[in-house]
There are 2 protein chains.
Amino acid sequence: MARPYSPTLLGYVLLGLLNQLPRSGYDVRMEMETTPMGHFSSSPGSIYPALQLLKKNGFIDSEVIHRSRLKPREVFHLTEKGKKALSAWLHKRLAVSDLRDNLSELMLRFRFMEDIASGQETLRFLQDFRRKARTYASILKSQTRTQAESSLHFALSLQREISMIQMHIDWADQAMSAFEATEPNTP
Amino acid sequence: MARPYSPTLLGYVLLGLLNQLPRSGYDVRMEMETTPMGHFSSSPGSIYPALQLLKKNGFIDSEVIHRSRLKPREVFHLTEKGKKALSAWLHKRLAVSDLRDNLSELMLRFRFMEDIASGQETLRFLQDFRRKARTYASILKSQTRTQAESSLHFALSLQREISMIQMHIDWADQAMSAFEATEPNTP
DNA sequence: AAAAACATGTAAGCTGTTACATGATTGG
DNA sequence: CCAATCATGTAACAGCTTACATGTTTTT
């Protein structure tokens with residue numbers, strides 16, 4: 001009675017990497033060692049079982065490639081189901097709470113969006129991101145007014161959170177400018 | 001043959017909260033609901049077992065308090081062992097990689113430091129924090145020069161990471177000023 | 001009488017990690 | 001021939017989380 005499986009965050013990272021380029025488990029590990037993806041380990045015990053699970057559930061498929069003399073490699077690529085799942089993940093609407101809880105996931109989505117979405121879609125993502133960030137910033141600022149008495153450490157922590165969000169708003173602005181420069185559609 | 005147990009991050013959060021003030025599991029849950037501690041759940045299934053584990057390992061102890069007519073509550077407080085463990089956690093030296101991987105842990109430490117450390121010690125923490133942040137920033141900037149070709153999304157992600165760290169350096173500056181104002185020892 | 005708040009727990013399970021294990025090929 | 005790199009896996013476990021379960025006291 002296998003309950004419906006949907007990929008974990010690590011699963012989506014793997015889908016994102018395989019969407020860039022079909023790879024073996026080993027290639028994925030090497031990529032994650034040179035360019036860390038969130039906080040995930042690149043150890044074999046993390047990557048290989050996660051790939052097997054994606055394969056078992058039909059998000060990816062593989063061919064075994066025998067290159068001259070080298071040990072054969074199992075090269076994975078996305079199935080249609082995998083492509084759809086990745087696309088759905090990348091296009092998911094943001095929640096305000098994601099700014100607090102899932103920032104690193106949002107940034108992973110932004111990175112993998114390059115290989116699947118148009119500049120227009122990326123712009124929409126950034127607009128949504130900035131909007132939700134502004135909402136969250138105003139929530140935090142109202143907390144400052146009501147709670148920041150008594151504790152200096154707490155007040156400074158809140159201040160840091162606000163600076164953090166403000167920085168992300170500014171970043172989104174910059175990023176949007178960069179995309180508007182390449183997409184002549186929006187004036 | 002129980003291997004030596006040392007608290008997890010959630011364990012340290014609980015030690016920090018109980019060090020502020022002895023509380024029941026229920027009180028801890030309420031505190032974590034109003035003031036989220038990192039990304040931890042405040043659900044009973046998370047908190048009660050974690051408290052039992054700390055108690056079993058001698059970091060906290062409890063008394064059952066029967067208040068007038070109310071259901072009795074198990075109120076936890078730190079033992080000497082618990083105080084030492086909390087202090088050691090709070091005073092641990094930072095690694096540069098903590099800026100990338102454990103930022104939220106560092107911020108939790110900063111918050112709980114209020115109840116255990118002097119302003120001088122907090123200043124040392126912030127100095128160390130700023131120093132490591134500067135090192136990490138320069139590493140990231142050198143990556144920009146070597147890797148930022150080809151991918152706009154990747155370049156923007158890197159830029160965001162750098163802005164993040166710079167923001168934290170500025171925050172540490174502000175925070176240090178705030179503490180120097182209260183500690184007249186350092187000119 | 002019922003709902004809401006007080007108070008504490010257990011059981012099942014998911015996710016991912018480290019540590020262990022194995023073997024082939026290539027370069028020095 | 002030895003080390004490094006290529007390549008893939010398994011087993012045990014830590015550390016949660018959600019869902020379930022239970023009962024009391026106060027407020028409406």
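Lettering of chains follows the sequences in order, A, B, ..., and the numbering in each one begins at 1.
- For residues 43-54 of chain A, the set of pairs meeting the side chain to side chain donor-acceptor pair (under 3.5 Å) definition, not counting sequence neighbours, comprises A/Ser41-A/Ser43, A/Ser43-A/Ser46.
- The distance from atom CE of B/Met30 to atom P of C/dA4 is 16 Å, rounded to the nearest whole Å.
- Annotation: the span from B/Leu14 atom CG to B/Glu31 atom CD amounts to 11.5 Å, rounded to 0.5 Å.
- For D/dC16, one of the phosphate oxygens OP1 or OP2 lies less than 4.0 angstrom from a side-chain nitrogen or oxygen of B/Thr8.
- Rounded to an integer number of Å, the gap from CZ of B/Phe40 to C1' of D/dA14 is 13 Å.
- Atom CD of A/Gln52 and atom P of C/dT15 are 16 Å apart (whole Å).
- Note on B/Ser46: a side-chain N or O is less than 4.0 Å away from OP1 or OP2 of D/dT17.
- Under the 4.5 Å side-chain contact rule for hydrophobic residues, B/Tyr5 and B/Leu15 share a cluster.
- Across all strands, A/Gly45 comes closer than 4.0 Å to base atoms (heavy-atom distances).
- Between A/Phe179 and B/His153, the distance separating the two ring centers is shorter than 6.0 angstrom.
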Run the numbers on B/Glu74 and B/Lys55 for salt bridge (charged side-chain N to carboxylate O under 4.0 Å, His left out), then give the verdict.
-> CA-CA 12 Å; B/Glu74 187 175 4; B/Lys55 186 179 174 186; 3.2 Å; yes

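- Residue A/Glu74 places its side chain closer to D/dG9 than to any other of D/dG9, C/dT8, C/dT10.
- In the region residues 87-102 of chain A, proximity to DNA chain C at under 4.0 angstrom, judged on heavy atoms, holds for none of the residues.
- Note: CD1 (A/Ile47) to P (D/dT8) measures 12 Å, nearest angstrom.
- One finds a side-chain N or O of A/Tyr48 lying less than 4.0 angstrom from the OP1 or OP2 phosphate oxygen of D/dT8.
- Judged by distance alone, the side chain of B/Arg111 and the main-chain N or O of A/Ser157 form no donor-acceptor pair under 3.5 Å.
- The side chain of B/Pro44 lies closest to C/dG9, out of C/dT10, D/dT8, C/dG9.
- Put simply, B/Ser41 has a side-chain N or O that comes within less than 4.0 Å of OP1 or OP2 on D/dT18.
- Counting to the nearest Å, the C1' atom of C/dT15 and the OH atom of A/Tyr12 are 15 Å from each other.
- Residue A/Leu9 contributes atom CG, which lies 11 Å from atom P of C/dT17 at whole-angstrom precision.
- For the pair A/Val28/A/Phe76, no side-chain contact is recorded, criterion being any heavy-atom separation below 4.5 Å from C-beta on.
- Following rounding to the nearest Å, A/Leu51 (CG) and D/dG9 (P) show an atom-to-atom distance of 9 Å.
- Between B/Tyr26 and C/dT8 there is no side-chain N or O to OP1 or OP2 distance below 4.0 Å.
- With rounding to whole Å, A/Glu31 atom CD is found 14 Å from D/dC6 atom P.
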